[in-house]
Colleague: 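Have a look at this one.
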Amino acid sequence: MFDFFSNHISDSIVIISNFITIVSIFITVKSIQSAKKNERRLKTINWDELVIAMNKLCKRMKKDKFLPDVIIAPSARGAILAELLLQSLSHSREIPVYTGISLIYEKPKKVDISGYTKINNLKNWDIFIPNIAFKVENSKKILIVDDFTIAGTFPEKLKDLFSTKGFDKKNVKTMYTIITDATKNSNREPDYYYKIINTSEYYFPWGEANTG
């Protein structure tokens, strides 16, 4: 009789132990998933926050009494942000937006770039700015708008290019939604930016950020 109860108790202990192990594994997996989800959320900006971000950046720009005559969007992503910015500018109907083209080296595309100026960006892609952007009066105020920069090198290159075209550097400013602390630490931060992060991984409503 004693052996019978002893065996059943042992079996029960094994069952309970296995159950606890399974539950522990389940909780661990859910915790990891939750942590990853939370981490992704911290690296993501949604549409609502983007609208708020561009509105805040517009207010900072107005405070500096810098009202652009022309907006340069190096990419289609930048053009989206430029459109959000225009909604906050009272003279938006008077501002032309010139949008560039991004091309990846490894994936050649049949795109007519004869009317564009190439700017080397990172090791795997280039950006092309329409030549018409450099033909406006060099007394005009130029604003470069884009979503993300990891090192601040591209916006600096583009500002320098306008300078070589005869534009006064004080009339050429940059506006980026997200920058990294590496950009800040290297003193390459844009004239206007919304948030500083400590990673090169970041997500916008249109997908993962490119770097430049």
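Treat the numbers as computed from the prediction; the structure is a model and nothing was measured.
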Colleague: Drop me the distance from Ile129's CD1 to Lys157's NZ, to the nearest 0.5 angstrom.
Modeller: 12.5 Å
Colleague: Output the distance between atom OG1 (Thr117) and atom CD1 (Ile132), rounded to the nearest 0.5 Å.
Modeller: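 Between atom OG1 of Thr117 and atom CD1 of Ile132 there are 12.0 Å.
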Colleague: Applying salt bridge (charged side-chain N to carboxylate O under 4.0 Å, His left out), can you list everything that pairs with Lys173, at least two apart in sequence or on another chain?
Modeller: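 Expected list: none.
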Colleague: Can you say whether the rings of Phe204 and Tyr202 are parallel (under 30°), tilted (30 to 60°) or perpendicular (over 60°)?
Modeller: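 If you compare the ring of Phe204 with that of Tyr202, the planes turn out perpendicular.
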Colleague: Distance from Lys59 atom NZ to Asp64 atom CG, nearest 0.5 Å?
Modeller: 14.5 Å
Colleague: For Pro155 versus Thr149, what's the shortest heavy-atom pair and its separation?
Modeller: CD-OG1, 4.0 Å
Colleague: Give the minimum heavy-atom separation between Pro74 and Ile72, together with the two atoms involved.
Modeller: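 So the minimum-distance heavy-atom pair works out to CD-O, 3.5 Å.
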Colleague: Taking the six-membered ring for Trp, is the centroid-to-centroid distance between Phe128 and Tyr116 below 6.0 Å?
Modeller: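 No, the ring of Phe128 stays outside the 6.0 Å limit from the ring of Tyr116, centre to centre.
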Colleague: I'd like to know whether CD1 of Ile196 has more than 12 heavy-atom contacts from other residues, nucleotides or ligands below 6.0 angstrom.
Modeller: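 Enclosed.
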Colleague: For residues Asp181 and Ile197, determine if any side-chain heavy atom of one lies less than 4.5 Å from a side-chain heavy atom of the other.
Modeller: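 No, side chains not in contact.
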Colleague: Would you say Ile119 and Phe154 make side-chain contact, with heavy atoms under 4.5 Å?
Modeller: yes
Colleague: Taking the six-membered ring for Trp and the single ring otherwise, decide whether the centroids of Phe148 and Tyr176 are under 6.0 Å apart.
Modeller: no
Colleague: I want to check something: taking the side chain as every heavy atom from C-beta on, are Val136 and Ile142 in contact at a cut-off of under 4.5 Å?
Modeller: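 They are in side-chain contact.
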Colleague: Do Arg60 and Asp191 sit within salt-bridge range, that is, some charged N less than 4.0 Å from a carboxylate O?
Modeller: no
Colleague: Test your reading of the model: is there a side-chain donor-acceptor pair from Thr180 to the backbone of Ile150, 3.5 Å cut-off?
Modeller: yes
Colleague: With sequence neighbours left out, write down each residue that passes side-chain hydrogen bond (donor to acceptor under 3.5 Å, both in side chains) with Asn138, or none if nothing qualifies.
Modeller: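 Asn138: no side-chain hydrogen bond (donor to acceptor under 3.5 Å, both in side chains) contacts found.
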Colleague: Using side-chain hydrogen bond (donor to acceptor under 3.5 Å, both in side chains) as the criterion, list what pairs up with Lys141, not counting sequence neighbours.
Modeller: none
Colleague: Identify which one of Asn55, Ile80, Ile45 satisfies the side-chain contact (heavy atoms from CB on, under 4.5 Å) criterion when paired with Leu50.
Modeller: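 It is Ile45, the one option of Asn55, Ile80, Ile45 that forms the side-chain contact (heavy atoms from CB on, under 4.5 Å) with Leu50.
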Colleague: Specify whether Tyr192 and Phe66 have parallel, tilted or perpendicular ring planes, treating 30° as the upper limit for parallel and 60° as the lower limit for perpendicular.
Modeller: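 If you compare the ring of Tyr192 with that of Phe66, the planes turn out tilted.
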Colleague: Please say yes or no: joined through hydrophobic side-chain contacts below 4.5 Å, possibly via intermediate residues, are Tyr193 and Ile52 part of one cluster?
Modeller: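 Cluster IDs for Tyr193 and Ile52 differ.
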Colleague: Hey, does Val51 have a side-chain heavy atom less than 4.5 Å from the side chain of Leu84?
Modeller: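 A side-chain contact under 4.5 Å exists here.
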Colleague: Tell me, with the steps shown, if Ile95 and Asp69 meet side-chain contact (heavy atoms from CB on, under 4.5 Å).
Modeller: CA-CA 6 Å; Ile95 306 176; Asp69 299 301; over 6 Å; no
Colleague: Once you round to the nearest 0.5 Å, how far does CG of Asp160 lie from NZ of Lys165?
Modeller: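 The NZ atom of Lys165 is 13.0 Å from CG of Asp160, to the nearest 0.5 Å.
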Colleague: Looking at Ser139 and Asn171, what are the two nearest heavy atoms and their distance?
Modeller: O-ND2, 3.9 Å
Colleague: Hey, are the side chains of Met175 and Met54 touching, using non-hydrogen atoms and a 4.5 Å cut-off?
Modeller: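 Yes - at least one pair of side-chain heavy atoms lies under 4.5 Å apart.
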Colleague: Any chance the side chains of Thr177 and Asp147 put a donor and an acceptor closer than 3.5 Å?
Modeller: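 No pair is found: no donor N or O on one side chain lies under 3.5 Å from an acceptor on the other.
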Colleague: Determine whether Met61 and Leu143 make a side-chain contact, defined as any pair of heavy atoms from C-beta on separated by less than 4.5 Å.
Modeller: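 Yes - at least one pair of side-chain heavy atoms lies under 4.5 Å apart.
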Colleague: Calculate, to the nearest 0.5 Å, the distance between atoms OG and CG belonging to Ser88 and Leu57 respectively.
Modeller: 9.5 Å
Colleague: With no hydrogens and no angle check, do the side chains of Asp146 and Ser75 hold a donor and an acceptor under 3.5 Å apart?
Modeller: yes
Colleague: What are the two closest heavy atoms between Lys62 and Leu89, and how far apart are they?
Modeller: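 Looks like CE-CD2, 4.0 Å.
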Colleague: When you measure from the side chain of Thr183 to the backbone of Ile179, do you find a donor-acceptor pair of N or O atoms at a distance under 3.5 Å?
Modeller: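 No; zero donor-acceptor contacts below 3.5 Å.
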Colleague: Which heavy-atom pair separates Ser114 from Asn131 by the least distance, and what is that distance?
Modeller: O-ND2, 4.0 Å
Colleague: Determine whether Leu85 and Ile71 make a side-chain contact, defined as any pair of heavy atoms from C-beta on separated by less than 4.5 Å.
Modeller: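 With C-beta onward as the side chain, the pair touches.
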Colleague: Assess Lys43 against Tyr203: is NZ or CZ under 6.0 Å from the centre of the six-membered ring, and within 45 degrees of the ring's axis?
Modeller: no
Colleague: Indicate the atoms forming the closest heavy-atom contact of Ala151 with Arg188, along with that distance.
Modeller: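 Closest pair (atom of Ala151, atom of Arg188, distance): O-CD, 3.4 Å.
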Colleague: Taking atom CD of Glu201 and atom OG1 of Thr44, what is their separation to the nearest 0.5 Å?
Modeller: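 Interatomic distance, Glu201 CD to Thr44 OG1, rounded to 0.5 Å: 8.5 Å.
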Colleague: Identify whether the distance between the nearest side-chain nitrogen and carboxylate oxygen of Glu49 and Lys195 falls below 4.0 Å.
Modeller: yes
